[in-house]
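Below is one structure, written out as structure tokens, with a few remarks after it.
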Amino acid sequence: MKVLVTDPVDDAGLDLLRDGGHTVETGYDLEGEALLDAVADANAMIVRSGTDVTEAVFEAAEELVIVGRAGIGVDNIDVDAATRHGVIVANAPEGNVRAAAEHTVAMAFAAARSIPQAHVRLTDGEWAKSEYLGTELNGSTLGIVGLGRVGQEVAKRLDGLGMELVVYDPYINEERAAQFGAELVSDLDDCLARADVVTIHTPLLPETEGMIGAAELETLGDAFLVNCARGGIVDEDALAAAVADGTLRGAAVDVFADEPVSPDSPLLDVDDIVVTPHLGASTRAAQENVAVDTAEQVLAAFRDEPVANALNAPSLDEAAFPAVKPYLDLADTAGRIAVQLLDDRIGEVEVHYQGEIATEDVELVTASALRGVFGSLEYEVNAVNAPRIAEDRGVEVTESKTRQSADFRSLVTVTVRDGDDELSVCGTLFADDDPRVVRIDGYRVDARPYGEALVVRNQDKPGVIGFIGSVLGDAEVNIAGMYNARETRGGEALTVYNLDDPVTDDVLAELSEDDRIVEATRISLDQDDTESRRP
Ligand code: NAD
Ligand code: MLT
């Protein structure tokens, strides 16, 4: 597999990929057409914040399975487009949290004590001791905007340095804030008005873009602002103006709306603004951590295993995966059979779990059932985009579970409905890995769900099965297996034929012409690549 790495990522991660037998190609300056060319045959892409992974990239990258973000923020990745193209987006949200928190604390000190400015004066030969009168953080109030992973680590560190903590985060409760020694306020302005130093730790979202503008900086007043989260959250022109005119005492900025920041940015022109070039995560330990976490996720995606931090695909605990793995293909197959039998019309899909499987986390199994349902209707459907396809088509998806299962240890039933029409296909695993379809539309069968099949609804009359056999025989289609079930004697019956070759339209027409045949449907499934391995 080819992994294209477009931003510098630690070798610890890249070596893992190479050791796994994959080709790692780096291209740190790739843009425009060059990027599209390089990604065309890539199976995975690894980026940091420097590469814009746009719809055009996903369109060019037909083989792409996963984009790994060696870090937290995914605002440079069009996750919606990734989902539409069935590509997993996974980040590495833990590995650089401490580094980002430490950088925030360092930037708060740098701004409060004018360390970079004094450094430059001294290296220029000036002993400007009398010009710098700093602010002590001990005893002053820290306003934290966003008490997530980084915000919490900042809270711990600055609480330890004797600051009072006030938090604004509309998505946490008071108890959570109190765990970090902080008071939660319900209004951003309250937080800003009380802070001597405010640190920003929200993601960049439509909701947070520009959330700190001229009015908020006015409210913050005689204080310091530190932004090591994302450019765009704080209005850069307003911040430069507020520090330049003395509204704010100073600021420290690690992240910019456009990176690399333009030399003309007003933020670079104001003496009391400390800047660093997006260094929050740039420690050896953090880079090693995120590179390894990202590589492991790429390897998991290549192995078709759940990806721990997938943002747009069902993820599953590594330890829980073996229990659901055998059901992924079974659910996919049940979905495929059901939709073919209902003639590709679907308004609703229900996936019902019975027995042992009902005790597991089945989100991934349901996604596989949807992949089966939509696989014949849409191009390149996988477990990443199948739930989204259902949503886009207005198909209602329900998942239900019962612990009891009368005849089998576990059963997965996929039911597709269109108005009053509905069809269910129920599957199980024999000996834990031998998939069988055991019910179709309520009829008890025992069919191996592989290769070509014919499902016939017919009147339960003498000679019908012989007639079907002779039509298949005349067409030189060999029957590999046959399972017949009926409602009542002389009522309707359903027969599944596993075939060595597909039936033609002519065969289906010949069968359908007979009054005793209610419906004959051709089902095409994957070949059984496990057959040769069976005793
Ligand atoms: P997180 O998702 O763990 O936490 C974000 C917090 O923001 C959550 O608690 C959420 O409830 C809160 N939030 C969301 N919307 C909000 C709003 N409108 N107002 C107030 N709070 C809001 O994220 P994280 O891992 O802590 O990362 C925080 C930020 O730091 C992100 O922007 C991330 O990209 C950035 N980051 C930067 C660097 C760097 O190198 N400078 C390194 C790591 C992380
Ligand atoms: C992140 O979101 O993890 C940071 O911006 C770190 C980075 O990749 O530079």
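Side-chain atoms are counted along with the backbone in the values below, which use heavy atoms only and exclude waters and symmetry mates. Order of listing sets the numbers, starting from 1, for every ligand and every atom in it. Sequential numbering from 1 along the given sequence is applied to the chain's residues.
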Check each atom of ligand 1 against the heavy atoms of Ala100 and keep those under 4.0 Å away; list them by number with element.
42 (C), 43 (C)
Quick check: does Ala281 get an N/O under 3.5 Å from an N/O on ligand 1?
yes
With heavy atoms under 4.0 Å as the rule, classify the contact between Asp75 and ligand 1 as side chain, backbone, both or neither.
neither
Output yes when the distance from some N or O of ligand 1 to some N or O of Met211 is under 3.5 Å, and no in every other case.
no
Asn96, portion touching ligand 2 at heavy-atom distance under 4.0 Å:
side chain
N/O to N/O below 3.5 Å, does that happen between Pro93 and ligand 1?
no
Between Asp169 and ligand 1, which part of the residue brings a heavy atom under 4.0 Å of the ligand: side chain, backbone, both or neither?
both
Polar contact flag for Asp254 and ligand 1 (N/O pairs, less than 3.5 Å):
yes
Does the N or O separation between Ile72 and ligand 1 drop below 3.5 Å for any pair?
no
Protein heavy atom at shortest distance from atom 29 (C) of ligand 1
Thr202 O, 3.6 Å
Pairs of nitrogen or oxygen atoms closer than 3.5 Å, one from Tyr171 and one from ligand 1: do any exist?
no
Using heavy-atom distances only, which candidate in Arg69, Glu207, His278 approaches atom 17 (C) of ligand 1 most closely?
Glu207
Gly71 to ligand 2: N or O pair under 3.5 Å?
no
Would you indicate which of Ala101, Gly231, Cys228, Gly232 comes nearest to atom 36 (N) of ligand 1 when only heavy atoms are counted?
Cys228
Enumerate the atoms of ligand 2 whose separation from the nearest heavy atom of Gly73 is less than 4.0 angstrom.
1 (C), 2 (O), 3 (O)
